[in-house]
Undergrad: 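Following this message is one structure expressed as structure tokens.
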Amino acid sequence: MIEKYSYYEFEILPNADVWVYVIFQPDYKPSLQTIIRESDEWFDTEAEARSGAIDHIDALESGER
């Protein structure tokens, strides 16, 4: 399920026994072509992955890449 935080949309995905996230470009329909970031780490729970995505979006909005 696509979620929104600030100007970005992101998705939390199961990957085997862990969770990952992808962040999509703002102002575009979420798709494989509009992914701008993927999690660099795996998370044990969906909630941890969601928190990681939100932290990553905060960093993007602060100018970090």
Undergrad: Per the side-chain hydrogen bond (donor to acceptor under 3.5 Å, both in side chains) rule, what does the pair list look like for residues 18-30, sequence neighbours excluded?
TA: Y21-H56
Undergrad: Take atom CG of D17 as the centre, draw a 6.0 Å sphere, and report whether it contains more than 12 heavy atoms from other residues, nucleotides or ligands.
TA: no
Undergrad: Apply side-chain contact (heavy atoms from CB on, under 4.5 Å) to E61 and list each qualifying residue two or more places apart in sequence or on a separate chain.
TA: S6, Y7, Y8, I57, D58
Undergrad: According to the salt bridge (charged side-chain N to carboxylate O under 4.0 Å, His left out) rule, which pairs have a member within residues 39-48, sequence neighbours left out?
TA: E46-R50
Undergrad: Between E3 and I12, is any pair of side-chain heavy atoms under 4.5 Å apart?
TA: yes
Undergrad: Under 4.5 Å between any side-chain heavy atoms of V20 and F43, yes or no?
TA: no
Undergrad: Under a 4.5 Å side-chain heavy-atom rule over Ile, Leu, Val, Met, Phe, Trp and Tyr, are V22 and V18 clustered together?
TA: yes
Undergrad: What's the shortest heavy-atom distance between A53 and I23, and which atoms?
TA: O-CD1, 4.0 Å
Undergrad: Can you list everything that forms a side-chain contact (heavy atoms from CB on, under 4.5 Å) with S62? Sequence neighbours excluded, please.
TA: none
Undergrad: So, using side-chain contact (heavy atoms from CB on, under 4.5 Å) as the criterion, who are the partners of I2 when residues are at least two apart?
TA: E9, E11, F24, P30
